[in-house]
Amino acid sequence: MSKISRRNFLKVAGIGAAAMGLAACGGSSSSTAASSSAASSTAAAAADDTLSGTIEYWSSWSETENQALVLRQAADAFMQLHPNVKINFTFNGRDNRNLVVSAIEAGTQIDLMDANIDNVQKLWSENIKDLSSYVEKTYDTTDGKAYKDVVIPSMMSLSSSLFDGKTMCIPYIPQAFMIFCNKGLLEECGVTEYPQTWEELMDACEKVKAAGHIPVTTDSNYCTSWVGYYMSRRLGNDRVMELAKDSSLWATDEGVKDTANAIAEMAAKGYFDPNIESNVYPAAQQDMVISENVAMYINGTWLPNEVADTTPDDFKWGAFAFPEVPNGVEGTESGCYSTYAIAVNKDCDDAATEAAVEFIVYLTTSEWDQEFTNQANAIPMRTDHVWPENLTDAQVVLNSYTTHYPSQTAIVTNSDSKQIIADACLKLMGGSFTADEFIKAASAF
């Protein structure tokens, strides 16, 4: 077994800052003069700066997460540039999406708030400000170009598509959902090119199985992914959205039958992890990197970071789009992608809005955008920033997407049917259900 990597939580910049802090404790006359000079410079900058105000930022990250650490660091740097601006953070974790509106209604000052963009649209639409005019402007960090022209186009398109053409929030830390793989294992099994069609994928599965390995795994968190993606390719996103809401449509839909038969055939051929029905998250992803015996797993671009502590140094990450399927209506240009996004409270006055947007732009186009990659293995927003090495293939996939599917596909968009469908998917992949039994069980809502 190769050496297991360890995440480096102590950054050089942080060590350097600590060293500078220790040096400043000496109290020499030269340090006093330097401090006096710095204070004068800060005062002069404050006098010239047009940005001012206190920004209260409520975030969906937990305080100890690396994303939160980068946010704080970026804010500190921004406040150095703009001494009249003060940024305070409240890190609520993922509950932030449910806390913001009630807090605003109770009179709490919240100027900036972030969440997954789907939650911004569903939960905050009535509380946020239209930022469309701001993304058309140039800023100090956009090299003379409009903001919208220096960041990932698909993310800006997603933002406007969710709000009837308006930019009501600014994306950051993009994410995508696709087939991740042990690329080295696939190559050892003779799969040297990523499958583009269902037939090619089945051929790859057969080669992996023949070599004594497990072609596909999943777990309780992502068990709808194979059915959801196949069904979306076969029928289209809008039809799958209808199926998630209307159980009466399942029994007579030929695309549903094709999907169930395709996944049942995979199970019959032994292409799924034999423990798939009992895999509880995060068992599958840990087994994939620790055993190095599993080839493929549908998951998100956050996967390599989540298993970084247990991933061997020589593990070779790969990723590819879910392939085209027979008689399908959508292809590999369609996929699940999303992003976190930052919104501005609609009640912010012009001055507060100006400072808030300047910070968002700074965060997503300056060196701090790259720091999300360096410290949190996140995807950068700026198009000329460098992605994490373990997401090199995922970058190709995300850049090829032109049609948006909801996170984990539309099959899970109805909370009333989601768990029923998920349980049926696990039994279908585990071989406990036939195709017909799956359809009956999955539509029992």
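Any value given below was found using the heavy atoms of this structure, including those in side chains, with hydrogens, waters and symmetry copies removed. In this chain, numbering begins with 1 at the start of the sequence shown.
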Pair [X] + [Y]: ring centers closer than 6.0 Å:
X	Y	result
Phe78	Trp368	no
Tyr222	Phe177	yes
Phe89	Tyr57	yes

Output yes when a side-chain donor or acceptor of [X] lies under 3.5 Å from a complementary backbone atom of [Y], and no otherwise.
X	Y	answer
Asn305	Ala378	no
Trp317	Leu391	no
Ser417	Ala244	yes

May I ask you to check whether over 12 heavy atoms, not counting those of [X], lie within 6.0 Å of atom [atom1]?
X	atom1	answer
Lys183	NZ	yes
Glu63	CD	no
Lys129	NZ	yes
Asp349	CG	yes
Asn275	CG	yes

Parallel, tilted or perpendicular: which fits the ring planes of Phe322 and Tyr230, with parallel below 30° and perpendicular above 60°?
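Judged by the thresholds at 30° and 60°, the geometry between Phe322 and Tyr230 is perpendicular.
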Look at the rings of Tyr362 and Phe359 and say which category their plane angle falls in: under 30° parallel, 30 to 60° tilted, over 60° perpendicular.
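Judged by the thresholds at 30° and 60°, the geometry between Tyr362 and Phe359 is tilted.
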For Asp423 and Gln419: C-alpha separation, side-chain torsions, deciding distance, then whether side-chain hydrogen bond (donor to acceptor under 3.5 Å, both in side chains) applies.
CA-CA 6 Å; Asp423 291 343; Gln419 192 57 52; 2.9 Å; yes
Euclidean distance, [Y] [atom2] relative to [X] [atom1], rounded to 0.5 Å:
X	Y	atom1	atom2	result
Thr218	Glu277	OG1	CD	12.5 Å
Thr353	Asp130	OG1	CG	11.0 Å
Tyr405	Arg233	OH	CZ	4.5 Å
Glu265	Tyr271	CD	OH	7.5 Å
Asp246	Met241	CG	CE	14.0 Å

Full working for side-chain hydrogen bond (donor to acceptor under 3.5 Å, both in side chains) between Thr217 and Asp273
CA-CA 5 Å; Thr217 192; Asp273 181 350; 3.1 Å; yes
Determine, step by step, whether Asp436 and Thr434 satisfy the side-chain hydrogen bond (donor to acceptor under 3.5 Å, both in side chains) criterion, reporting the C-alpha distance in whole Å, the side-chain angles of both residues, the deciding distance to 0.1 Å, and the verdict.
CA-CA 5 Å; Asp436 289 340; Thr434 64; 5.4 Å; no
Minimum side-chain heavy-atom gap [X]-[Y] below 4.5 Å:
X	Y	result
Glu199	Pro326	yes
Ile360	Val344	yes
Ile379	Phe372	no
Ile179	Pro323	yes
Asn116	Ser60	no

Using the rule given for salt bridge (Lys or Arg N to Asp or Glu O under 4.0 Å), can you reason through Glu242 versus Arg239, listing the C-alpha separation, both sets of side-chain angles and the distance that settles it, and then say yes or no?
CA-CA 5 Å; Glu242 294 173 359; Arg239 180 60 173 175; 2.9 Å; yes
Set out, in order, the CA-CA distance, both residues' side-chain angles and the distance that settles side-chain hydrogen bond (donor to acceptor under 3.5 Å, both in side chains) for Gln286 and Thr310, then state yes or no.
CA-CA 7 Å; Gln286 290 295 341; Thr310 51; 2.6 Å; yes
So, Asp258 and Arg234, do they make that salt bridge, N to O below 4.0 Å?
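A salt bridge is present here (some side-chain N lies under 4.0 Å from a carboxylate O).
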Looking at Glu358 and Lys137, is there a salt bridge between them, counting it only when a charged N and a carboxylate O are closer than 4.0 Å?
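No, no charged N to carboxylate O under 4.0 Å.
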